[in-house]
There are 2 protein chains.
Amino acid sequence: MQHPSLTLNMIQLDLASPEPMQFQLYRAMREAIVTKQLAAGGRLPSTRELAQRWKVSRNTVMGAFDQLTAEGYLKGKQGAGTFVTFSVPDFYSRVTPAGRAACADVVARREAALRQRRMKYQGCTHEPSPLAPLRPTVPSLENFPFALWEQCRKAVLRQGERSLLTYGDTLGYWPLRRAVATYLRDTRGVRCEPAQVVICCGSQQGIYLTASTLLEHGETVWMEDPGYQGARIVYEGFGAKVKPVPVDREGMDIQRAPVAEGVARLIHVSPSHQFPLGHTMSLERRLRLLDYAAASGAYIVEDDYDSEFRYEGRPLSSLQGLDQSGSVVYVGTFSKILFPSLRLGYLVVPPGLVDLFEQSRSRIDGNPTLIDPATIALFMEEGHFARHIRKMRSLYQERLELLHDAVARYLRGGLELEKQQCGMHTVGWLKGSTPDQEVTARAQKNGVVAPPLSQYTRRFTLPPGLVLGFAGFRADEIDNAVKRLADSIPL
Amino acid sequence: MQHPSLTLNMIQLDLASPEPMQFQLYRAMREAIVTKQLAAGGRLPSTRELAQRWKVSRNTVMGAFDQLTAEGYLKGKQGAGTFVTFSVPDFYSRVTPAGRAACADVVARREAALRQRRMKYQGCTHEPSPLAPLRPTVPSLENFPFALWEQCRKAVLRQGERSLLTYGDTLGYWPLRRAVATYLRDTRGVRCEPAQVVICCGSQQGIYLTASTLLEHGETVWMEDPGYQGARIVYEGFGAKVKPVPVDREGMDIQRAPVAEGVARLIHVSPSHQFPLGHTMSLERRLRLLDYAAASGAYIVEDDYDSEFRYEGRPLSSLQGLDQSGSVVYVGTFSKILFPSLRLGYLVVPPGLVDLFEQSRSRIDGNPTLIDPATIALFMEEGHFARHIRKMRSLYQERLELLHDAVARYLRGGLELEKQQCGMHTVGWLKGSTPDQEVTARAQKNGVVAPPLSQYTRRFTLPPGLVLGFAGFRADEIDNAVKRLADSIPL
DNA sequence: CTTAATTTGTACGTATGTATA
DNA sequence: GTATACATACGTACAAATTAA
């Protein structure tokens, strides 16, 4: 077959461009080949000729040719010339307008289908509210002993620099698992061995991991309503049917669960400090719940997200500590005690399930980080952790009182605060008839973050209310925020 | 009703135990109440009497009583005594031996069923091999510019301490997404905007996230065989049917895919440096693959895990850069360039799918970390990143040559190294007839890590071979390891 | 078949701007 | 600030392969 000669007339060089000339040539020629402007098998002009025509060195042309040869577009034959080896396959849809159109159609339909499928999981999206008062779940960062933290980090790095940079254990850094086990035993009445502790990237991942291990597509999950919607989204993402169970002052009542609609595989609760209402689950309800789980084979997810900060009396011990059947997965987090961007949490799983959790963990996200966990471990071992909690407890208690004062000052009659015994946020009931979303929107305009209670419920209607975080903000910030909140509530 | 007096004779204290005595008392009494050894309404002995009997301070007894009172088990009446308030509900199965047995049975069956269900996902587990030569995918940690890294971290913290401790954007720290986009554009020919970049906890999570967004239960995934089994486990965990596609020197051949067994939703490939064999996918195969994806509606996962280190010529540009239909999800990682325990990677997703990925991301693991990403961003902006890659490139090239020398010296005839042009590991073909697993086991005993090739394949048989990592080890370590490897290979 | 012209592939040396140590 | 390394660009030379006269 006679090889047609190709001219390459279409290619223009730009001397002023910062892009190297070799690369300009490479790109232009590749484009020409892929779009079939240069036919397969065609012979290119000699490098000499091209160098002369483009007024560059022959080496420059050869540089471009080399790259194209390496990528398989060209093939040089000594003495004969350089040829386009690569025949853009005829199947290649890009070359014909019809093919292109067909593909575009397929691609568009694919995306539409995907969007459709995912629609059902959408629900309430995570609102990215700004870091303004009174955003809930923000700890006091100003009071975090960052210098101490850095000191621990340095010590940890000095000791084990090389080993802390490599791959860690799937379930987490052992000294941290040990420290967490001790901590939970001492302060939360959790019964566990270090081996049962799983370190994960935040409590959200902990819940995810639990779902991925214990939950099968189509199974039923019972959740508190109102409750933590982040968990609902996770469960629904696994194809679970999430059924709301009403909550009152004694917490979730398992006897009011929709048993008729199918037995639960997972029951998600926050017994120490119900999210978002803040109630503590009563002892009777706890025992009923545990009994139901043991008798029915359901697992309980105990979300203990906020239990560290209790202002009256001793913290109640955990559900997990009462359980004797191995039905409870305990979920905790460091994000709210230390700082959120640390993104570390933990699970305590029943002893018999550790290996199953290890399997799913290694699928999601093989080898975890090491430096931060090692730092936390030391931070705990040296007692800074417990000390910081104690300090924050009294600080947050003060701030809760400040919030009460400010509400009494600026919002008498407009907002009634729930009596809160623990946590970092409280609920304020709106006395007027304005829907809470509307108040939230107005407050946002005034620079105050206060999510509406209605955002946390799916089925049961609540009186209008706001969730107010008081932990992360100074006295003046709280005062100011409540003042502006008062301006946002129509009287 | 007359309250019966209770004796508490059953309670024994253990002075030697590290558990505080208050807590021992608390637990023992709680246990007695819950198991109905102490009846509801019963009057306990006075704290004075108990203190005397147990030979502890009255304060200790009061501590235990306080806790039990706070939790709702007891109620003290001044002048009258302390009473058991909590009546264990009769439903409570734990109280009767029959109920206990029934629960135990349910619990045991639940766990067995779970184990059964999860069995199918088990497959090849992640082998936790020690950090010994010649373990693959270990970068040279000794040469990591840790001082510079710490400097960047410090600078980043100084600038934005408070904001770096709070919650970040779902898809990652924006400056890092921007830096990654620029880097990939310049060095990998990836076409992308910063908004398409998703920061995740390692490439494993990237693959997981992709599967959770694009893959539905029961759909088909095509994968290179041999290939990265971590990805297979992820896909199978989502209920996908994973079909192996053979690989040769030109990479995976889409024309040999098992089309008859169902159309693919996802195609997982490593075109720049096939894992584990190290071949580069030819241009024709690349275009065929892209064409197939665009025409069939499949998505391609391009795992570009190792492409930074190329020792001859320029790195080939990515599949993503050739794609015009938005069918490619590009997966990269920092773990192999910086250090593994950093656990950070990234995806580049098609522009139309960003919001879907954001949704799934927020389910898996809401708000990502900030300090490390910010540090990387600065590290990149200041050029340390590119510099470090360049340095490591020439270092690894040297080490590859050292490996070749050592093999020539100690293993002439026993092992033939694949000619490698890039990456951090290479393949050595065993010339004898011993199965590779056996050689691996012997090597492990001699302190050398060298995974068998057979571990990376599912269906197609390969000649026996070993995967040898040369990047993370010093000259003497490599030499020594090869010597010990020679002792492990029967001649 | 021989020969001369042409072409690639390889190997030098040099200059320059940039980034790095 | 200075020395060093590196990528880009340019020029020259020559061997090996091919082609056409």
Side-chain angles (χ1 to χ4, degrees), chain A residues 1-9 11-30 33 38-86, chain B residues 140 142-152 155 179 182-183 185-189 307-317 337-338 377-399 401 419 421-422:
Chain A
M1 165 191 164
Q2 191 64 25
H3 297 310
S5 283
L6 305 168
T7 64
L8 289 183
N9 280 334
I11 294 177
Q12 299 278 336
L13 279 178
D14 177 9
L15 286 163
S17 156
E19 194 180 24
M21 298 211 278
Q22 289 189 32
F23 192 71
Q24 286 183 48
L25 288 177
Y26 156 76
R27 263 204 317 119
M29 293 174 64
R30 193 185 69 178
I33 295 168
L38 296 181
R43 180 177 172 281
L44 295 174
S46 77
T47 47
R48 273 168 242 274
E49 192 193 322
L50 288 171
Q52 210 171 22
R53 189 193 319 163
W54 288 328
K55 299 195 174 44
V56 295
S57 157
R58 187 176 156 239
N59 288 329
T60 309
V61 180
M62 300 235 320
F65 275 42
D66 278 353
Q67 179 72 11
L68 289 163
T69 308
E71 297 195 0
Y73 293 92
L74 300 183
K75 189 158 189 86
K77 254 191 193 163
Q78 226 172 70
T82 308
F83 302 87
V84 179
T85 59
F86 177 66
Chain B
S140 173
E142 283 157 342
N143 292 283
F144 180 70
F146 206 73
L148 275 174
W149 173 262
E150 288 294 285
Q151 227 170 286
C152 286
T182 311
Y183 166 70
R185 252 196 312 252
D186 292 351
T187 68
R188 305 292 307 125
S307 59
E308 279 77 13
F309 304 113
R310 191 176 183 83
Y311 312 126
E312 279 174 35
R314 223 160 304 216
L316 284 181
S317 61
I337 302 180
L338 302 173
L378 186 59
F379 198 77
M380 290 178 95
E381 279 161 18
E382 299 208 332
H384 303 312
F385 188 74
R387 213 165 307 149
H388 182 239
I389 288 179
R390 270 200 300 280
K391 268 197 197 164
M392 290 305 104
R393 182 162 19 214
S394 62
L395 178 70
Y396 294 171
Q397 184 166 21
E398 264 175 45
R399 289 183 168 180
E401 279 165 29
K419 206 172 165 309
Q421 300 176 45
C422 68

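What you see below is based on every heavy atom in this structure, not just the backbone, and it leaves out hydrogens, waters and symmetry mates. In what follows, every chain begins at residue 1, and chains take the letters A, B, ... in the order their sequences are listed.
A sub-4.0 Å separation between OP1 or OP2 of D:dA9 and a side-chain N or O of A:Ser57 is absent. Considering only side-chain N and O atoms, B:Arg387 lies under 4.0 angstrom from the phosphate OP1 or OP2 of C:dT20. The shortest distance between the side-chain N/O atoms of A:Gln22 and the OP1/OP2 oxygens of D:dA9 is below 4.0 Å.
Across D:dT12, D:dT8, D:dA13, the shortest atom-to-atom separation from the side chain of A:Asn59 is found for D:dT12. The A:Arg43 side chain lies nearest to C:dT7 when the options are C:dT7, C:dG9, D:dA9. The side chain of A:Pro20 lies closest to D:dT8 when the candidates are D:dT8, C:dT7, D:dT18.
Here C:dT14 sits opposite D:dA9 as a Watson-Crick or G-U wobble pair (both hydrogen-bonding atom distances under 3.5 Å).
Separating the CZ atom of A:Arg58 from the P atom of D:dC10 is a distance of 14 Å, rounded to the nearest angstrom. As rounded to whole Å, 13 Å separates atom P of D:dT8 from atom CG of A:Asp66. One interatomic measurement links the two molecules: CD of A:Gln52 to P of D:dC10, which rounds to 14 Å at whole-angstrom precision. In this structure, the CD atom of A:Gln78 is 12 Å from the P atom of D:dT19, given to the nearest Å. Taking atom CD of residue B:Glu382 and atom P of nucleotide C:dA19, one finds them 14 Å apart after rounding to whole Å. When the C1' atom of D:dA9 is taken as reference, atom CH2 of A:Trp54 falls 16 Å away, rounded to whole Å. Atom pair A:Leu68:CG and C:dG9:P shows a separation of 12 Å (rounding to whole Å applied). Note: CE (A:Met21) to C1' (C:dG17) measures 14 Å, nearest angstrom.
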Discussion item. Does A:Leu68 form a side-chain contact (heavy atoms from CB on, under 4.5 Å) with A:Met29? I'd like the steps, not just the answer.
Written reply: CA-CA 8 Å; A:Leu68 289 163; A:Met29 293 174 64; 3.7 Å; yes
Item to complete: Please lay out, stage by stage, how B:Glu308 and B:Phe385 fare under the test side-chain contact (heavy atoms from CB on, under 4.5 Å).
Response: CA-CA 11 Å; B:Glu308 279 77 13; B:Phe385 188 74; 5.8 Å; no
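Smallest separation of non-hydrogen atoms from B:Ile337 and B:His388: O-CE1, 3.1 Å.
Counting any heavy atom pair closer than 4.0 Å across all strands shown, B:Lys391 reaches sugar-phosphate atoms only and no base atom. Here A:Met62 lies in heavy-atom contact (under 4.0 Å) with a base.
Checking side-chain atoms of A:Arg43 against main-chain N and O of A:Ala80 turns up a donor-acceptor pair under 3.5 Å.
Looking at heavy atoms from C-beta onward, B:Tyr183 lies in side-chain contact with B:Met380 at the 4.5 angstrom threshold.
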